[in-house]
Amino acid sequence: MKDSPEEIHKYLSPLLEGEVLVDRLSRLLYSTDASIYEVEPKAVVLPRTVEDVLRVVKFAGEEGVPVFARGGGSGLAGESLGPGIIVDFSKYMNHILEVNEAEGFVRCGPGIVLSVLNEALAGYGRLFGPDPASGSRCTLGGMLGNNAAGMHSIYYGVTRDQVISLEAALPDGSLHSFGKESKEKPQSEPKDNFHLAVVEPLVGLLQESQPLIQAKAPRTRRNTCGYLLDGVLKDGQVDLARLLVGSEGTLALITQAKLRIYDLPKAKALLILHFDDLDKAARAVPLLLPLEPCAVELMDRSVIEATREAFPEYASLLPGELAALLLVEFLGGSPDEVGARAEEARKITESARLACGTSMALDAASQDRLWEMRKSVTPALLRLPGDKKAIPFIEDTAVAPEYLAPYIQGQKKILEKYGFQAAIFSHAGDGLCHTRPLVDIRSSEDVGKMPQVASEIYDLCLSLGGSISGEHGDGLSRSQFIPRQYGALYEVMRQVKDIFDPQNIFNPGKIITRGQDIMTSNLRRLPRVEGLYPQNRLAFSAGEYVRELANCNGCALCRSPLPEVTMCPMFKALAEEGASSRGKCNLLRYGLIAALGEEEWAGSELQEIFDKCLACGMCTVDCPSGVNVLKLVLDMRGRLAEEQGISRASRALITFEALSRLCSWFAPLVNYFSAQPMLRFMLEKITGLDSTCELPHFSRNNLKRHLKNNSPGSDHKVAYFADTFASFSDPEIARALVSILEKSNIETVLPKQKGAGMPALAYGSLKRARRR
Ligand SMILES: Cc1cc2nc3c(=O)[nH]c(=O)nc-3n(C[C@H](O)[C@H](O)[C@H](O)COP(=O)(O)OP(=O)(O)OC[C@H]3O[C@@H](n4cnc5c(N)ncnc54)[C@H](O)[C@@H]3O)c2cc1C
Ligand code: SF4
Ligand code: SF4
């Protein structure tokens, strides 16, 4: 058996065009996702081609090594984690292959990020309908794996509803197309092994299980629990693509998808309904549905308060005294039409004495602001202070909308009984509840209560005909509870798994399991350290270091390729997990809990990963949990510099401020020579600075000289603390600012200024930075 990391690398690496990573740091980087779990894999493969995927799968099948598909790693239930080979589709297999406007479909690789796809489709006046809140970084492969949905599912449906066909690899390393086909192949057509071993037995099994499938179908439109067997056989046809969606990479690895697309909506109206009681808000939902809104979103008091607190810019949209609010959106052909439907919705809820206030957003800017506010809900909950965090473990149960009110009441009673406070928000139009109890996963008392709380809430949900998972899948959080939802049908699901994956190599332990305590096993480790952490080089207050690391919940926003998400430029450039802010936080956490051995501390790889940070500070602005990743990185760089020394190139860059001053004096000469390849080559030999890097251009007319020659003088003065680049390299920016101030009759003054010491800080020379 070739199942050690080294053997996997030795065997696979020559076979693949993509990357095979088996070093310990890469394995740790892929040990977590956005869930509360961690499992260390043996290897990480970043396939470039479909052939790469097939070779990995064939190897895994022959050697009995489990394989775990992964997209953005934004799953909340630990669906993509496992102790085998992780296949990350996001780096290379992320292309749009065809947009067919006439037939209304797109074909793409599984690693494409949803928002990237939608930006491209917008150019054709189209969109992909399902819109999970994680759309800025989740991939289509992950959405297919989870059957993801979002705020507009009552209009567009869930991911499963969009699939025309899929191409996917089976555990024997073969590639097949999955889509609608006749249940029985005509006698004249030859039957290949795939038909004999997979299609025929599946059709037989599903046919005989139809009564059970019907009986166990939850009475809610939202269901991602177990295998989705309903609708796979329909009208004399079998559609195995419908079975693969939601199977969380346990049946096949999707290598390509053909998906339905929609026209962009012409007109929208957004109604905001205020409530003085959560129960009234939940009771209003079924009254609104006959008007066919495209979204009905509910926020409870604790969610409203957390959002006001974390993001004061939204406070005006969220009056303090509210117990709940509903956002109700209508799409249609004209502003008048959607406006009239929204008005009708307002009247209905007011005359039923449910809503106590309303407002309407008819223009695109106000609507966007409201949806941005709604998307800030999870980040706001993640910013709640204290050790207890709003963690996902029972976070996506679903019932029919008419049962939403009693269901929420019942949940609250259960949570109160166990002493858990919780925040509830909901895709109410589909009866889907995001319930987030405040739990300290370092407390054995809290962890001990989690299975009991889940168990009682699931029983309540099932008693109302609901599903224990309506959106985020089963993963490690819910797989042990699936038999409770399906009873005897779970045995049919077990047979489905056996037909597809008899060796159990695809994502074993998820969906099909005999485990009883998976939900609370493999929880992320984080020690409770109240005081100062002795290894820190920068100033941290008591407990701050651990708190920062605990606050990184893995949400993966720092993996977003979108330009409007400013964090993390290093990930955008390299598309590597280690380059992201999340990667850094995870490695620091492993450092803290002593999971990094001497070898990792001594090797150059750790330094290389921490070098992949521009020190731009955008994470301090954009991170939804407010984690100051920059400070953590700089602290680590200081430590690594002390222990391993500072490279020649870093030393050269540390002197950049002083050098810039000098170079600006001799700018024409410096600029000429620095453009000569020979001189760049020599510079590389002396300083270690890569000769392929473009060197900054210097200006003789630096800012100081410019002001001396041009300042008109004024009684109104502004002190300008210009940085090195504005002073010596790009003075145009500084001059532009100065001329704007001049136009307002303000004189710019350059105070006597020492260098900021940022290069020294950024390259780990903390002593030198302090001297500054
Ligand atoms: C802040 C936040 C908000 C979220 N909001 C929503 C929401 O509104 N709605 C929602 O549905 N979800 C939501 N999620 C959960 C999650 O982001 C989505 O379900 C998303 O679709 C997962 O995509 P991913 O690329 O990150 O997948 P991953 O987490 O990497 O994987 C998810 C599953 O898909 C499987 N998979 C991945 N690629 C393939 C492939 N090529 N072939 C077969 N299987 C594959 C994996 O094995 C795994 O089982 C949210 C998560 C976060 C952190
Ligand atoms: S660093 Fe921030 S954005 Fe990145 S995963 Fe952690 S919490 Fe999310
Ligand atoms: S400071 Fe570093 S980790 Fe933070 S966003 Fe910038 S490059 Fe990424």
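Each ligand, and each atom within it, is numbered from 1 in the order the structure gives.
In terms of protein heavy atoms, atom 6 (Fe) of ligand 2 is closest to C552 SG, 2.4 Å. Of the protein's heavy atoms, G617 N, 3.2 Å lies nearest to atom 1 (S) of ligand 3. In this structure, atom 32 (C) of ligand 1 lies nearest to the protein heavy atom N146 OD1, 3.7 Å. Looking from atom 8 (Fe) of ligand 3 to the surrounding protein, the closest heavy atom is C568 SG, 2.4 Å. Nearest to atom 2 (Fe) of ligand 2 among the protein's heavy atoms is C623 SG, 2.4 Å. Taking atom 4 (Fe) of ligand 2 as the reference point, the nearest protein heavy-atom neighbour is C558 SG, 2.4 Å.
Atom numbering of ligand 2 starts at 1 in the shown order; those under 4.0 Å from a heavy atom of G554 are 5 (S). Counting atoms of ligand 2 from 1 in the listed order, those under 4.0 Å from a heavy atom of P624 are 3 (S). Near G71, the atoms of ligand 1 lying under 4.0 angstrom from a non-hydrogen atom of the residue are 25 (O), 28 (P), 30 (O), 37 (C).
Considering backbone and side-chain N/O atoms, T378 never comes within less than 3.5 Å of an N/O atom of ligand 1. Taking any N or O of C138, backbone or side chain, none lies under 3.5 Å from an N or O belonging to ligand 1. The distance criterion of under 3.5 Å between nitrogen or oxygen atoms is not met by L253 with respect to ligand 1. Between S74 and ligand 1, a contact under 3.5 Å exists for at least one N or O pair. Checking only distances, R137 never comes within under 3.5 Å of ligand 1, N or O to N or O.
For A257 against L166, the heavy-atom pair with the smallest separation is CB-CD2, 3.6 Å. Pairing each heavy atom of S80 with each of A69, the nearest pair is CB-O, 3.4 Å.
Contact between F89 and ligand 1 is present, with at least one heavy atom of the residue lying under 4.0 Å from the ligand. The closest approach between a heavy atom of L76 and any atom of ligand 1 is below 4.0 Å. Put simply, part of A252 is less than 4.0 Å from ligand 1, judged by heavy atoms. Not a single heavy atom of V633 sits closer than 4.0 Å to an atom of ligand 3.
Under the 4.0 Å criterion applied to side-chain N and carboxylate O atoms, R537 and D635 are not assigned as salt-bridge partners. Between E38 and R589, at least one side-chain nitrogen of the basic residue sits less than 4.0 Å from a carboxylate oxygen of the acidic one, meeting the salt-bridge criterion. Contact check on K497 versus D501 returns a salt bridge, with a Lys/Arg side-chain nitrogen under 4.0 Å from an Asp/Glu carboxylate oxygen.
By the 6.0 Å and 45° rule, R637 does not stack over the aromatic ring of F610. In this structure, K631 forms a cation-pi arrangement with F540, its terminal cationic atom sitting closer than 6.0 Å to the ring centre and no more than 45° off the ring axis.
Within the set G473, A149, A69, G249, the minimum heavy-atom distance to atom 46 (C) of ligand 1 is found for A69. When G109, G75, A133, S80 are checked for heavy-atom proximity to atom 5 (N) of ligand 1, A133 turns out nearest. The closest heavy-atom contact to atom 42 (N) of ligand 1, among the options L251, L432, I254, V245, comes from I254.
Between the side chains of E79 and N146, at least one donor-acceptor pair of N or O atoms lies under 3.5 Å. Donor-acceptor pairing under 3.5 Å is recorded for the side chains of N586 and T32.
Proximity of A556 to ligand 2, defined as any heavy-atom pair under 4.0 Å, is confined to the backbone N, CA, C and O atoms. Heavy atoms of H472 found under 4.0 angstrom from ligand 1 belong exclusively to the side chain.
Here H427 and H434 bring their ring centres to under 6.0 angstrom of each other.
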